[in-house]
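What follows is a single structure, written as structure tokens, with notes after it.
All values derive from a computational prediction rather than experimental measurement. Read the numbers this way: they start at 1 and go in the same order the structure lists the ligands and their atoms.
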Amino acid sequence: MGEFELIRRYFAAAPCARGGPGVALGIGDDCALLAPAPGEQLAVSTDTLTAGVHFPDPCPDAFGLGQRALAVSASDLAAMGAAPLGFTLALTLPSVEPAWLEGLAAGLAQMAEQCELRLVGGDTTRGPLSLTLTVFGRVPAGQALLRSGARPGDLLCLGGAPGEAGGALPFVLGQRAPEGDACRHLLARYWAPQPQFDLGLWLRGRATAAQDVSDGLVADCGHIAAASGVRLVVETARLPVSSALAELFPADEVLRLALGAGDDYLLVFTLPPEQAPALAVAWPQAQVIGRVEAGSGVAVLAADGQPMTLAQTGFQHF
Ligand code: ADP
Ligand code: MG
């Protein structure tokens with residue numbers, strides 16, 4: 001199968017490549033043409049997933065990889081309060097294996113449909129397996145959710161129970177035998193994270209700062225703290241606890257995963273206190289987990305209210 005047949009069969013012919021609102025021209029020309037409405041800004045983000053770094057190599061679950069690759073990129077749009085528009089896929093493959101490619105394309109298509117993102121272009125090359133996805137969203141000018149707006153007195157909030165994708169890792173890596181409903185739940189959170197688009201849209205005009213948790217809760221809170229010039233206080237007693245994690249791991253490990261494991265793609269955000277009642281009604285799974293103070297950095301308070309010291313906060317490549 002040649003390069004162009006591969007592109008046509010697995011990508012250009014996919015339902016998510018058919019175009020849609022805001023896509024004036026999709027796959028097939030030198031560029032795609034995107035057309036956000038007048039008064040909107042284009043939100044753009046790129047993520048690379050490399051075999052052996054971001055997912056197991058070899059990767060038996062091509063479908064899961066396709067879903068996950070798009071979800072992690074799409075989550076950046078959600079974190080900006082952007083509505084989905086389209087994405088491109090730069091795919092590097094060591095060889096053409098039709099069954100594997102079919103799985104990858106199907107996983108991508110499924111997540112694309114779920115996120116309402118259209119595949120508008122890409123590139124296909126030979127080399128060690130990696131995927132680079134660039135996602136495009138649209139947001140009314142000036143209304144994107146930035147990391148830089150948190151103010152002392154705001155509440156620190158999280159879009160759900162953290163640590164579940166991190167809890168799936170021993171099963172993904174084959175260190176533990178995958179059995180039971182709780183394990184299946186964690187694996188689904190790892191392979192098919194759900195970008196919180198609706199929450200992001202709801203936060204527009206309400207939240208003072210937001211981002212998605214990709215490197216670990218404490219590490220990512222650190223980015224908001226630095227960008228906003230404030231101190232974030234995480235009260236561990238207020239963290240939502242995943243029942244699946246609680247079933248499979250001892251309590252101290254659940255807490256370690258909640259604070260330090262990345263890959264959940266929940267939104268973490270700061271909210272003026274007067275917005276808290278509306279949040280509780282509209283997003284019962286979201287939770288106030290702490291507060292914003294004057295100062296710098298991130299403080300984590302143990303259940304007894306005393307500051308904890310953490311060995312390592314979040315994943316870094318270098
Ligand atoms: P060019 O040489 O002009 O960069 P290519 O031959 O690489 O174009 O690609 C032809 C068309 O197919 C372009 O519209 C490109 O965006 C699209 N394309 C290439 N690879 C992929 C892919 N993996 N997924 C989606 N579209 C792709
Ligand atoms: Mg090209």
Side-chain angles (χ1 to χ4, degrees), residues 1-36 40-78 82-138 191-195 197 214 265:
M1 189 186 320
E3 177 187 329
F4 296 108
E5 172 60 9
L6 186 160
I7 295 169
R8 193 198 62 75
R9 185 182 300 185
Y10 297 108
F11 302 111
C16 60
R18 261 186 225 130
V23 179
L25 183 68
I27 293 177
D29 216 310
D30 293 314
C31 289
L33 296 173
L34 301 181
E40 288 182 335
Q41 290 173 319
L42 197 57
V44 182
S45 173
T46 294
D47 279 289
T48 294
L49 274 75
T50 302
V53 179
H54 299 95
F55 57 88
D57 184 20
C59 179
D61 188 353
F63 183 90
L65 177 61
Q67 281 197 306
R68 184 172 156 71
L70 183 55
V72 307
S73 301
S75 174
D76 285 320
L77 295 178
L85 193 50
F87 71 104
T88 60
L89 167 68
L91 181 61
T92 303
L93 293 169
S95 59
V96 174
E97 291 175 37
W100 193 89
L101 265 171
E102 213 157 285
L104 179 80
L108 273 171
Q110 165 120 345
M111 189 55 73
E113 188 180 336
Q114 196 178 312
C115 294
E116 297 178 43
L117 279 164
R118 317 288 162 170
L119 180 58
V120 299
D123 198 22
T124 306
T125 53
R126 184 196 294 268
L129 179 60
S130 82
L131 298 89
T132 296
L133 285 94
T134 301
V135 290
F136 302 89
R138 48 194 184 78
W191 286 116
Q194 306 293 311
F197 273 106
S214 57
Y265 301 97

For D30, atoms of ligand 1 separated by under 4.0 Å from a heavy atom: 3 (O)
Side chain to side chain contact (heavy atoms under 4.5 Å, CB included) partner of S45, chosen from D76, T134, V72, L133: D76
N/O separation below 3.5 Å, G122 to ligand 1: yes
Interfacing atoms of ligand 1 (cut-off 4.0 Å, heavy-atom, I27): 12 (O), 14 (O), 17 (C), 25 (C), 26 (N)
Heavy-atom neighbours of Q41 CD exceed 12 at 6.0 Å: yes
Flag for T125-T92: side-chain donor and acceptor within less than 3.5 Å: yes
Those residues that, when tested against E97, pass side-chain hydrogen bond (donor to acceptor under 3.5 Å, both in side chains) (two or more places apart): S95
Mode of T124 contact toward ligand 1 - side chain, backbone, both, neither (heavy atoms, under 4.0 Å): both
Q114 and Q194: side chain donor to acceptor below 3.5 Å: yes
Pick from F4, Y10, F11: the one approaching atom 24 (N) of ligand 1 most closely through a non-hydrogen atom: F11
Proximal atoms of ligand 1 relative to D29 (non-hydrogen, under 4.0 Å): 13 (C), 14 (O)
Test item: D47 and T132 side chains (from C-beta on) under 4.5 Å apart, heavy atoms: no
Element-labelled atoms of ligand 1 that are located less than 4.0 Å from some non-hydrogen atom of G28: 14 (O)
